[in-house]
Amino acid sequence: MTKAFTLIELMVAVFIFSLIITVVSGIFISSLKSQRRTLTYQKVLDQTSYVLEYMSRTLRMAKKDLTGVCNITPPKSNYEKTRAGEGLKFMNYKDECWEFFIENNQLKERRKIGTFAEETLDLTSGELKITALNFNLKGESQNDDDQPRVTFSLSAKGVNFSPGQPDIKIQTTISQRNLDVKY
């Protein structure tokens, strides 16, 4: 007498095998989605960290616009908010007029070097969507006794994020390196 499997035993084995394959495939797909989400989040974090450091270093070296090159209002001030608070204009240590602002959900900088030369550069890539940029100023005027400080907050998220993913929100305060004295 030969030993063989019955049809019911074979169907039960196929069902158990299919169930195991389905569970393993689901875990594998879930881990791939999680890895993709983590990599996107890491890219966003890397870019926001770079932008934060770059802007901090640049704003720290700002100085008063004593000559009126940048047309900062009020005159002889360190900083001026532009674009309804989503932009900031200032003069750097080389007497060049700079502005940080948002345009088309990207963070940009505008440099005005001399009378005619002007360039606008993207500070963030197309993989990053800036959802908010706000500047708060303290001590920017010639008429106060406070050291100039800029507090800026930035909210960003990846373009390829799935719905429900949180924004990265970063805030920092930068004080001007040069001592603020009245002229």
Side-chain angles (χ1 to χ4, degrees), residues 22-63 65 70 72 77-94 96-113 117-140 146-180:
T22 303
V23 169
V24 169
S25 297
I27 291 171
F28 181 70
I29 290 170
S30 175
S31 66
L32 284 178
K33 286 180 182 177
S34 177
Q35 180 187 21
R36 193 172 309 138
R37 218 176 10 255
T38 302
L39 288 174
T40 303
Y41 193 77
Q42 183 65 41
K43 284 181 184 179
V44 171
L45 191 58
D46 287 346
Q47 285 193 43
T48 53
S49 295
Y50 165 76
V51 165
L52 181 76
E53 180 63 29
Y54 179 79
M55 289 176 65
S56 298
R57 199 173 328 127
T58 306
L59 290 171
R60 192 173 296 121
M61 297 299 293
K63 66 180 196 176
D65 184 15
C70 289
I72 293 177
S77 292
N78 294 289
Y79 307 105
E80 177 185 1
K81 288 202 278 188
T82 60
R83 303 170 191 259
E86 289 191 338
L88 185 71
K89 185 165 60 169
F90 60 96
M91 178 183 280
N92 74 355
Y93 68 99
K94 294 180 180 178
E96 300 167 342
C97 189
W98 283 30
E99 181 183 16
F100 291 122
F101 61 96
I102 293 179
E103 187 176 84
N104 299 325
N105 293 323
Q106 283 197 311
L107 185 61
K108 299 184 181 236
E109 74 174 346
R110 179 170 291 134
R111 300 176 185 181
K112 185 176 179 184
I113 304 166
E118 185 175 298
E119 63 182 345
T120 301
L121 304 170
D122 294 340
L123 294 178
T124 56
S125 74
E127 295 178 355
L128 185 69
K129 180 179 178 181
I130 304 295
T131 56
L133 175 66
N134 295 305
F135 293 97
N136 293 315
L137 306 176
K138 176 91 171 143
E140 75 278 9
D146 294 332
Q147 182 69 9
R149 288 189 305 262
V150 177
T151 299
F152 67 92
S153 58
L154 175 76
S155 296
K157 65 180 176 180
V159 173
N160 298 326
F161 263 16
S162 59
Q165 286 292 324
D167 289 353
I168 291 180
K169 297 179 191 228
I170 297 178
Q171 177 178 317
T172 190
T173 299
I174 308 301
S175 66
Q176 190 172 313
R177 179 175 281 177
N178 297 329
L179 186 62
D180 188 37

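Heavy-atom basis, side chains included; hydrogens, waters and symmetry copies ignored.
Of the residues Lys108, Lys112, Arg83, Arg111, the one that meets the side chain to side chain donor-acceptor pair (under 3.5 Å) test with Glu99 is Arg83. Across Thr48, Leu121, Leu133, a single residue satisfies side chain to side chain contact (heavy atoms under 4.5 Å, CB included) together with Leu107, and that is Leu133.
Closest of all the heavy-atom pairs between Ser56 and Phe152 is OG-CZ, 4.1 Å. In terms of heavy-atom proximity, Cys70 sits nearest to Asp65 at N-OD2, 3.0 Å. In terms of heavy atoms, Lys89 sits closest to Thr82 at CB-CG2, 4.0 Å. Annotation for Ile72 and Met91: closest pair CD1-N, 4.2 Å, computed over non-hydrogen atoms.
When atom types are taken as modelled, the side chain of Lys129 and the backbone of Ala156 share no donor-acceptor pair closer than 3.5 angstrom. Under the 3.5 Å distance criterion, the side-chain polar atoms of Asn92 are matched with a main-chain donor or acceptor of Lys94. Of the possible polar contacts, one joining the Gln47 side chain to the Ser125 backbone as a donor-acceptor pair under 3.5 Å is found.
The side chain to side chain donor-acceptor pair (under 3.5 Å) check on Asn105 picks up nothing, with sequence neighbours excluded. Partners of Tyr79 according to the ring-ring contact (aromatic ring centres under 6.0 Å, His included) rule, which considers only residues two or more places apart in sequence or in another chain, do not exist here.
Within a 6.0 Å sphere centred on OH of Tyr93, other residues, nucleotides and ligands contribute 12 heavy atoms or fewer.
Between Trp98 and Phe100, the two ring planes are perpendicular [angle over 60°; tilted spans 30° to 60°].
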